[in-house]
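Notes follow once the structure below has been shown.
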Amino acid sequence: MKHPEQNQHGLAGLPGFARVFDGPGVWMEGNATDQIASVAALPGCLRVAGMPDLHAGRDFPIGAVVATQDVVYPLLVGGDAGCGARIVVTNEDHVSPDKLERRIRRAWEESIFEDVEPSRLFDAAWSQGPAGLLEVDGVPEALRRLAALDTTDDALPPSGDPSRFRAGFEGALGSIGGGNHFAEISKVSHVVDSEAGKTIGLEKNSLVALVHSGSRGLGAALFRAWCARPLVGAEIGAYLGELAGACRFARTNRLVVAYRLLSALSALRAGAIRGSFDVTHNDVRAELVSGAPAWIHRKGAAPAYESAFTVVLGSRGAPSWVMKGNGEEASLRSVAHGAGRRMGRTEAREKVRARYHRAELSRSPGGGRVICDDKDLLFEEHPDAYKAIEPIICALEANRLATRVASLVPVVTVKL
DNA sequence: ATGTAC
């Protein structure tokens, strides 16, 4: 096992139970490592694992996993409970980018749930996740088929009253959201582990729907309700019950966004889908650490249980990597969720604006397209504003957190 | 990251 003094970014001052899993070429800002130190000092903190995409958040770092005993910190989950990523692998392998772009714009203008009672939809997503869609009248048949493929294992059943958070968010299902959230059709470029890849149908040139999104306003409302203080005793269960509802809502949201992408790709008919998985980036789960139960807070980090699939998101334009977890306890069984920001949004707007013409911004470095009508977002989410993905993937492999399965190169990225 | 207010 590596010792903390072997970390490369001046972390010698950290206690031994806090580690950052970085590597050669991984850029790391000082603020982020300072925030790791403040998290390590929280009462009840057992272990802290910084992922290679670690970057500074407002109060606490993003790309971090925190194990605690007897206390749960809603602040460490943050304002977008249940944010995560879904992949749906299709058996399509060719598409015209022009046609796809037109069809995506049309798919985003269409209403999916015209004949559906909004509160029924919200309650079903909260309490059962995608499976809940099967029980709501008016949900399109092809969306039901997609929902039936969801096999995600939930940490805990939801509890609490969904109507406490329902008002105003009934229409959020199927929306991408802002910031770094996106939806994308990407193409499998390199298959490194074909054995693992074929279990979800990943082959060279397979087209894949990739969605990074969260619980929208619901997560923000949950945060406002719980963020004031650390939780102990019975409050923990009450929070985790509502957190589970937000996580299921977010997972359902990703599925509905994937449905939009797949409809634009004409890949909704029975048999067009080869495989699918979903991972959550912001959550709390009970897991064992050194054989003892602990509360594992993941903030901008995905579980990497042994042999479980995960996807490490490229900034839009850079490849994403499907990886297979190693269940490595030293890293609290986690991996990075993406490339991680390198510039703040204000800095990115200024620097990227100076570097590129507008027309260049609607194309990815790899030739993919970007559908986004918000100019500021094009600057803020430009690949230059993010760390390079390759050193991050290398660091994940070198630290034995996860291994590569296949890379996904963007064809059309949607931020609508 | 968010919905809303400035």
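So you know, we letter chains A, B, ... as the sequences are listed, proteins then strands, and number each from 1.
Helical stems in DNA chain B, defined as runs of 3 or more consecutive Watson-Crick or G-U wobble pairs with both donor-acceptor distances under 3.5 Å, are not found.
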Check the interface with nucleotides 4-6 of chain B: list each N/O to N/O pair with the protein under 3.5 Å, or write none.
none

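We find that NZ of A:K415 is positioned 14 Å from C1' of B:dT2, with the value rounded to whole Å. For A:L75 and B:dA1, the CG to C1' distance is 15 Å, given to the nearest whole Å. To the nearest angstrom, P of B:dT2 lies 6 Å from CG of A:D80.
Annotation: cation-pi pair A:R341/A:Y386 present, NZ/CZ under 6.0 Å from the ring centroid and within 45° of its normal.
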Please table the atom pairs, donor to acceptor, closer than 3.5 Å between any side-chain atom in residues 404-416 of chain A and protein atoms at least two apart or in another chain.
| from | atom 1 | to | atom 2 | distance (Å) |
| --- | --- | --- | --- | --- |
| A:R404 | NE | A:E397 | OE1 | 3.0 |
| A:R404 | NH1 | A:E390 | OE1 | 3.3 |
| A:R404 | NH1 | A:E390 | OE2 | 3.3 |
| A:R404 | NH2 | A:E390 | OE2 | 3.0 |
| A:S407 | OG | A:H190 | N | 3.0 |
| A:T413 | OG1 | A:E184 | OE1 | 2.7 |
| A:K415 | NZ | A:G179 | O | 3.0 |
| A:K415 | NZ | A:H181 | O | 2.7 |

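Counting non-hydrogen atoms of neighbouring residues, nucleotides and ligands closer than 6.0 angstrom, the CZ atom of A:R400 reaches no more than 12 such neighbours.
Among the protein residues, A:G214 comes within range of no part of the nucleic acid, since none of its heavy atoms lies under 4.0 Å from any strand.
Listed pair A:R345 / B:dA1 meets the phosphate criterion, a side-chain N or O lying under 4.0 Å from OP1 or OP2.
Counting only distance, with no hydrogens or angles, the side chain of A:R248 and the backbone of A:S127 share a donor-acceptor pair below 3.5 Å.
One finds the CZ atom of A:R166 at 11.5 Å from the CG atom of A:L218 (value rounded to the nearest 0.5 Å).
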